[in-house]
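What you see below is based on every heavy atom in this structure, not just the backbone, and it leaves out hydrogens, waters and symmetry mates.
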Amino acid sequence: MPLMPAPLLKPLAAVSLLALLAGCQATPSTELRGTGDLGVVVERATGSLAVVDTSEHRILERVEGLGDLSHASVKFSRDARYAFVFGRDGGLSRVDLLTGEITHRVMQSGNSIGGAISQDGSLVAVANYAPGGVKLFDSETLEEVAEIPATYRDENGQEQRSKVVGLVDAPGNRFVYSLFEAGEIHMVDMSEGAPEVTRFSDIGEAPYDALIGPNGRYYIAGLFGEDGLALLDLWYPEAGVQRILPDYGRGEERLPVYKMPHLEGWAMAGDEAWLPAVGRHEVLLADSDDWSLMERIAVHGQPIFVMTRPDERQVWVNFAHPDNNVVQVIDTESREIVATLTPGEAVLHMEFTPRGEQVWISARDSDRVVVYDTRTLEEVARLESESPSGIFFTDRAHRIGL
């Protein structure tokens with residue numbers, strides 16, 4: 001047989017190599033997917049995180065070994081690939097949503113209550129009860145960048161550490177938070193790399209939680225020790241803290257408070273702010289221009305989360321024990337309750353899909369997550385989940401304060 005001419009050998013070898021590479025690419029070892037329709041459900045009893053696909057209504061992974069998740073919260077990296085899990089036991093974990101693995105984990109305090117991600121995504125801040133203060137970490141490595149003790153002087157002039165609550169991110173790589181025992185708001189500016197702290201004193205008694213508006217301008221702290229709220233305008237922080245809604249409910253008997261409402265679950269609809277009333281079966285409606293009280297809407301129980309659908313046409317409300325098997329839907333135009341739903345026992349959290357066509361609701365004691373169509377108000381899916389609590393979707397990565 002005659003030998004094949006040498007020039008033909010190289011093209012054939014190249015074709016064979018290309019075919020081999022094509023075969024490798026046709027059978028990837030992992031499924032390619034984006035993160036835009038992903039989210040997580042905190043399973044508090046087992047210390048695990050269920051990674052969910054919000055379009056397909058299914059659980060993709062369960063991530064275990066996250067410690068005490070009895071009051072856990074979750075924030076997302078700038079690219080929405082990583083979930084930062086803030087455990088009650090002081091654990092801070094970084095979870096890869098695409099692989100279902102914990103990439104980094106640190107025990108950074110004895111008791112923590114949530115955190116925030118800086119505007120540029122480079123820093124993770126954690127609010128701590130014990131010892132009271134804020135710690136800042138590099139978001140890629142979880143290496144500690146700074147520690148800011150939450151100190152104040154008590155009535156005897158002794159320096160004390162205060163629990164930190166209501167920690168949020170603010171524009172300009174700032175963080176804002178409140179000191180429960182001290183009755184103060186602190187603002188930390190990280191724009192130059194080192195923390196610059198501004199303190200606002202005498203804001204009111206026992207701030208228990210706080211929120212920041214969707215445009216990042218107003219920081220509002222709820223006060224457990226008295227009626228009213230404390231507002232800091234971050235466009236003009238030099239103006240100090242303003243008291244708003246100081247007279248709501250004054251002179252009325254307050255009910256026992258079984259669970260503190262979460263102000264981060266407040267609602268904005270147009271020029272109106274919808275807020276939970278502490279210790280009352282009411283949702284408060286305020287004018288966001290001058291923060292005057294417009295209306296008090298009677299509801300099923302003591303509201304915990306008061307959340308607006310993304311198109312602002314509905315407000316969804318869940319409640320504290322013993323009325324926590326119910327969710328009510330309020331029409332923001334008529335201000336009337338249009339539906340009372342029963343997703344299960346001990347409803348703890350609600351989360352809208354990014355454009356609001358569905359809402360996911362956790363029912364802890366029924367071990368399930370229920371998904372509703374927000375237009376028809378009909379159930380469209382159920383997911384089995386052991387003691388689910390917080391639900392967090394990745395669109396939060398691109399929203400201030402969430």
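- Listed for the Asp68 side chain is a donor-acceptor partner under 3.5 Å among the backbone atoms of Ser70.
- With sequence neighbours left out, Tyr129 forms a ring-ring contact (aromatic ring centres under 6.0 Å, His included) with no residue at all.
- Going from atom CG of Leu142 over to atom CZ of Phe84 covers 6.0 Å, rounded to the nearest 0.5 Å.
- Within a 6.0 Å sphere centred on CD of Glu56, other residues, nucleotides and ligands contribute more than 12 heavy atoms.
- Looking at every heavy atom in both residues, Gly115 comes nearest to Ser73 through N-OG, 4.1 Å.
- Surrounding CG of Asp202 are at most 12 heavy atoms belonging to other residues, nucleotides or ligands under 6.0 Å away.
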Thr103 and Arg94: CA distance, side-chain angles, deciding distance, side-chain hydrogen bond (donor to acceptor under 3.5 Å, both in side chains) verdict = CA-CA 6 Å; Thr103 66; Arg94 181 177 182 261; 2.9 Å; yes

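- Of the possible polar contacts, one joining the Arg368 side chain to the Pro343 backbone as a donor-acceptor pair under 3.5 Å is found.
- Annotation for Glu155: atom CD does not count as buried by contact number, only 12 or fewer foreign heavy atoms lying within 6.0 Å.
- We find that Asp311 and Arg309 are joined by a salt bridge, their nearest charged nitrogen and carboxylate oxygen being less than 4.0 Å apart.
- Taking both residues in full, the closest heavy atoms of Ser389 and Leu348 are given as CB-CD1, 3.6 Å, listed atom of the first, atom of the second, then distance.
- With Thr374 contributing its side chain and Gly356 its backbone, the two residues share a donor-acceptor pair below 3.5 Å.
- Across all their heavy atoms, Thr342 and Tyr372 have their closest contact at C-OH, 4.0 Å.
- Considering every non-hydrogen atom in both Ile148 and Pro195, the closest pair reads CD1-CB, 3.8 Å.
- Under the side-chain contact (heavy atoms from CB on, under 4.5 Å) criterion, Leu402 pairs with Arg396, Arg399, sequence neighbours left out.
- Salt bridge annotation for Arg375-Glu357: absent, with no cationic side-chain nitrogen under 4.0 angstrom from a carboxylate oxygen.
- In terms of the salt bridge (Lys or Arg N to Asp or Glu O under 4.0 Å) criterion, Glu336 has no residue partners (sequence neighbours excluded).
- The closest donor-acceptor contact from the side chain of Arg364 to the backbone of Gly344 lies at 3.5 Å or more, if one exists at all.
- With hydrogens and angles ignored, the 3.5 Å screen pairs no side-chain donor or acceptor of Asp373 with any backbone N or O of Val380.
- Summarising the geometry, atom CG belonging to Leu284 is positioned 10.5 Å from atom CD belonging to Glu295; distances are rounded to the nearest 0.5 Å.
- In this structure a side-chain-to-backbone donor-acceptor pair under 3.5 Å is present from Thr394 to Leu38.
- Results of the side chain to side chain contact (heavy atoms under 4.5 Å, CB included) test with Phe137 over Val145, Leu92, Leu123 single out Leu92 as the only residue that passes.
- Using a distance-only test at 3.5 Å, with no hydrogens or angles considered, no donor-acceptor pair links the side chain of Ser201 to the main chain of Glu184.
- Between Glu272 and Arg335 there is a salt bridge, since a side-chain N of the basic residue sits under 4.0 Å from a carboxylate O of the acidic one.
- Around the CD atom of Glu159, the shell of radius 6.0 Å holds more than 12 heavy atoms that belong to other residues, nucleotides or ligands.
- Checked for salt-bridge contact, Lys75 and Asp169 miss the test: no charged N lies under 4.0 Å from a carboxylate O.
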message = Applying side chain to side chain contact (heavy atoms under 4.5 Å, CB included) to Glu144 and Gln108, what does each step give before you reach the verdict?
response = CA-CA 9 Å; Glu144 186 173 318; Gln108 56 84 42; 5.9 Å; no

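- Between Arg243 and Glu226 a salt bridge is recorded (basic side-chain N to carboxylate O distance below 4.0 Å).
- Distance alone, capped at 3.5 Å, is enough to place a donor-acceptor pair between the Asn318 side chain and the Phe305 backbone.
- The ring pair (Phe, Tyr, Trp, His ring centres under 6.0 Å) with Trp360 is formed by just one residue from the set Phe393, Phe352, Phe392; it is Phe393.
- For Arg105, the CZ atom is densely surrounded, since the number of other residues' heavy atoms within 6.0 Å is greater than 12.
- Residues Phe180 and Ser162 share a closest heavy-atom pair of N-OG, 3.2 Å.
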